[in-house]
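Please read the structure below before turning to the comments.
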Amino acid sequence: MAEGQDEPVGESREEELVAARRAKADALRAAGVEPFPHSFEDVEAIASVLDTHEALENGEETESKHRVGGRLAARRGQGGAAFMDLVDRTGRIQLLVQSDHVGDEAFAAITDLDLGDLIGVDGTAIRTRRGELSLKVDAITLLAKSLRPPPDKHHGLKDVETRYRRRELDLIASEESRALFITRSKVISTIRRYLDDLGFIEVETPVLQPLYGGAAARPFTTHHNTLDKEFFLRIAPELYLKRLIVGGLERVYELGKDFRNEGISQKHNPEFTMLEWYEAYSDYMVIAGRLEEIVRECARAVAYEGEIDFESPWRRETLQESIHSRCGVDIVANRDRDSLAAAMKEKGLEVPETDTWAQLVDELLTKHVEPHLQQPTILFDYPKELSPFAKDHRSQDGLVERFEAYAGGMEISNAFTELNDPDEQRRRFEMQKADADAGDEEAQPYDESFIRALEQGMPPTGGIGIGIDRLVMLLTGSKTIREVVLFPAMRDEQ
RNA sequence: GGGCCGCUAGCUCAAUUGGCAGAGCAGGGGACUCUUAAUCCCAAGGUUGUAGGUUCGAUUCCUACGCGGCCCA
């Protein structure tokens, strides 16, 4: 052992395992072998090797040379021969190492490798008598010594907490987890391609904002030292994106993180990925069509095969109908708090005494409608009180042109025909201020620079936000947002 | 915020009524040239989440706290 007499007693088992691996690395260095070399060029994906030799017969050997790299995942000794499993991002391949082929010295070095070590392999393709496509090893190069033991090679890493806190271990141990995050990446690249092909330009607007807005949420705050000024982490990019529409960019989108200082749940992480796009000369109906199409493209790109039907046109209802048909309460006919509360009581529904009218509508929607919207559904035409940035409905008094889309019992999207009348926008901010004064912590702060931009003239515009994490949840069948976020927010371990 | 459940070796899991904390895998030593959760033999590996309490004796019962999961709000 490498440690001396003054090593603390009661050393943990894990530290012993680490010490044993470190000793191997030291022994390699002493023998002139670098355990952390700089590069290993021209590796081929394991999946490509497997594809190339798919038709190989059992027991057949080839002269076809391949170079692969990856992590040593399993080993089955056999005296003068050893079988090992190598894993890279694309798959797993068996290695056959024979002492009479590589030589006794190399064989000893190879069998001294630890599970979890990163290695480069040169070999020829064969199929074993038992039918497993393998590389018959000519040489193995240690690419990086793994000093810590990997999760169980068969059971993997089951502890949910460890999987989230130490995602690298989860990714090492779980092909499903790797596949999920590759799927997530495909969703995002599909979205970019879809919007790019329509002539949208991708933009980046401030994450650190002097004033927050564009959603009903409480912000995180931070401080800029040089400016000695408080900043907010954005809760949405909406207002900046609309300023770009004023500026004539006409079709813009932003894909990035928003931050909301609220509870953590299976559907909420304090930072999450949002797509917003804005399209000049458009309205919410055009946007609704694009939403269906972009989600369908994503489902196809990831070969979605779950129970949600993303191929057919989505179910469409008004918000009023959606609540009335399920609760028997008409929110449009009961436009004040007391009459809506009375209507709810009449139907035997619970009425939280402190709620405002808007909060009662939200209660009805969240509790009695949303959970039933498993198949994709778009709810149109929201009350003006709930929607400070949506344009008045072209034919319905008191409503705005807004929709929310639901699937899997979850809101995934929110869109408007954007309010572009600066005077009306100013009145909406005044309404928000009244709500804030009444104690609503999610009310919009008055944003004068946004109003000034609208006064410059914004064309009729449709805009939308789509929750990417939730979309990925649906497309991967994940029950919690933590499964689709690489490093979800956690409390401190101690 | 409330209720319930969990926390034991690096990983996956046991432990009867409160009575010396056990396996498998991984790691160490050995055997084995077509295995694939390889197999076989040997040895080793623990502050049972933390802090208290009850008890002759606590992984087990009680209290508090921490972290996580599920359900509810």
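The figures here come from the full heavy-atom set of this structure, side chains too, leaving out hydrogens, waters and symmetry mates. Throughout, protein chains are lettered first and strands after them, A, B, ... in sequence-line order, and every chain is numbered starting at 1.
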*A:L86/A:I46 under side-chain contact (heavy atoms from CB on, under 4.5 Å): CA gap, chis, key distance, verdict*: CA-CA 9 Å; A:L86 185 74; A:I46 285 173; 4.1 Å; yes
*Give a yes-or-no answer on whether the side chains of A:H53 and A:T62 include a donor-acceptor pair shorter than 3.5 Å.*
no
*Within the structure, does a side-chain N or O atom of A:K153 lie under 4.0 Å from either OP1 or OP2 of B:rC25?*
no
*Taking NZ from A:K267 and C1' from B:rA73, how many angstroms apart are they, rounded to a whole number?*
14 Å
*Kindly state whether the ring of A:F429 and the ring of A:F389 have centres lying under 6.0 angstrom apart.*
yes
*asked:* Going by side chain to side chain contact (heavy atoms under 4.5 Å, CB included), A:S413 matches just one of A:V295, A:I378, A:L275, A:I464. Which one?
replied: A:I464
*Nucleotide-resolved protein contact map, nucleotides 28-33 of chain B, B/S/- at heavy-atom distance under 4.0 Å*: S---BB
*Could you work out the separation of B:rG18 and B:rG28 based on their C1' atoms and round it to a whole Å?*
37 Å
_Watson-Crick/G-U partner (both atom distances under 3.5 Å) of B:rU47_ = none
*Nearest-Å distance, CD (A:E161) to C1' (B:rG49)?*
10 Å
*Between B:rC11 atom P and A:R166 atom CZ, what is the distance in whole Å?*
8 Å
*If pairing requires Watson-Crick or G-U wobble contacts with both distances under 3.5 Å, which nucleotide is the partner of B:rC67?*
B:rG6
*Would you mind reading off the distance between A:H155 atom NE2 and B:rA9 atom P, rounded to a whole angstrom?*
16 Å
*With rounding to whole Å, what would you report as the distance between B:rU60 and B:rU17 at their C1' atoms?*
10 Å
*Counter-base of B:rA21, judged by Watson-Crick or G-U geometry with both distances under 3.5 Å*: none
*At under 4.0 Å between heavy atoms, what does A:R491 touch on the DNA or RNA strands: base, sugar-phosphate, or nothing?*
sugar-phosphate
_Options B:rC34, B:rU36, B:rU12, nucleotide nearest the side-chain atoms of A:L96_ = B:rC34
*For B:rC61, which nucleotide in any strand shown is its Watson-Crick or wobble partner with both distances under 3.5 Å?*
B:rG53
*Expressed in angstrom and rounded to an integer, what is the separation of A:L56 atom CG from B:rC34 atom C1'?*
15 Å
*Within 45 degrees of the axis of the six-membered ring of A:Y212 and under 6.0 Å from its centre: does A:R260 put its NZ or CZ there?*
no
*asked:* Say we look at B:rG46 and B:rA58: how far apart would their C1' atoms be, to the nearest angstrom?
replied: 16 Å
*Please measure how far the P atom in B:rA44 lies from the corresponding atom in B:rG22, and state the result in whole Å.*
13 Å
*Taking atom P in both B:rC65 and B:rC72, what distance in whole Å separates the two?*
24 Å
*How close or far is atom P of B:rA37 from atom CZ of A:R76, stated in whole angstroms?*
7 Å
*A:L115 or A:G156: which one's nearest nucleotide on RNA chain B is closer to the 5' end?*
A:G156
_Going by salt bridge (Lys or Arg N to Asp or Glu O under 4.0 Å), A:D85 matches just one of A:R75, A:K153, A:R76. Which one?_
A:R76
*When you measure from the side chain of A:D152, which nucleotide among B:rG24, B:rG68, B:rA38 comes out closest?*
B:rG24
*B:rA26 pairs with which nucleotide, Watson-Crick or G-U wobble, both distances below 3.5 Å?*
none
*Between C1' of B:rG68 and CD of A:Q266, the distance in whole Å*: 13 Å
*Across the strands shown, which category fits A:E363 at heavy-atom distances under 4.0 angstrom: base, sugar-phosphate, nothing?*
nothing
*Report the distance from atom CD of A:Q94 to atom P of B:rC34, rounded to the nearest whole Å.*
12 Å
_As a test of reading the structure: which of B:rC34, B:rC11, B:rC67 is closest to the side chain of A:T128, going by heavy atoms?_
B:rC34
*Under 4.0 Å between any heavy atoms, over every strand shown, what does A:R163 touch: base, sugar-phosphate, or nothing? Just pick one.*
nothing
*Inter-nucleotide P distance (B:rU54, B:rC42), Å rounded*: 45 Å
_Pair A:E483-A:R163, salt bridge (Lys or Arg N to Asp or Glu O under 4.0 Å): steps then yes or no_ = CA-CA 9 Å; A:E483 289 293 338; A:R163 287 184 49 238; 2.9 Å; yes
*Return yes if a side-chain donor-acceptor contact under 3.5 Å exists between A:S478 and A:R184, otherwise no.*
no
*Using salt bridge (Lys or Arg N to Asp or Glu O under 4.0 Å) as the criterion, point out the one residue from A:R22, A:K145, A:R71 that pairs with A:D114.*
A:K145
*Counterpart base for B:rA15, defined by Watson-Crick or G-U wobble contacts under 3.5 Å*: none
*Mind checking the P distance from B:rC20 to B:rG30? Whole angstroms is fine.*
36 Å
_Residue A:R129, side-chain atoms from C-beta onward, closest of B:rA26, B:rC34, B:rC11_ = B:rC34
*Only counting residues at least two apart or in another chain, list the ones meeting side-chain hydrogen bond (donor to acceptor under 3.5 Å, both in side chains) with A:R335.*
A:E385
_Options B:rU12, B:rA26, B:rG68, nucleotide nearest the side-chain atoms of A:M490_ = B:rG68
*Between B:rG68 and B:rU16 - P atom distance, rounded Å*: 29 Å
*Quick one: label A:R482 by what it contacts on the DNA or RNA (base, sugar-phosphate, nothing), any heavy atom closer than 4.0 Å.*
sugar-phosphate
*asked:* Within the 4.0 Å heavy-atom criterion, would you say A:T480 contacts the bases, only the backbone, or no part of the nucleic acid?
replied: sugar-phosphate
_Which residue lies more 5' along RNA chain B, comparing A:D159 with A:E493 via nearest heavy atoms_ = A:D159
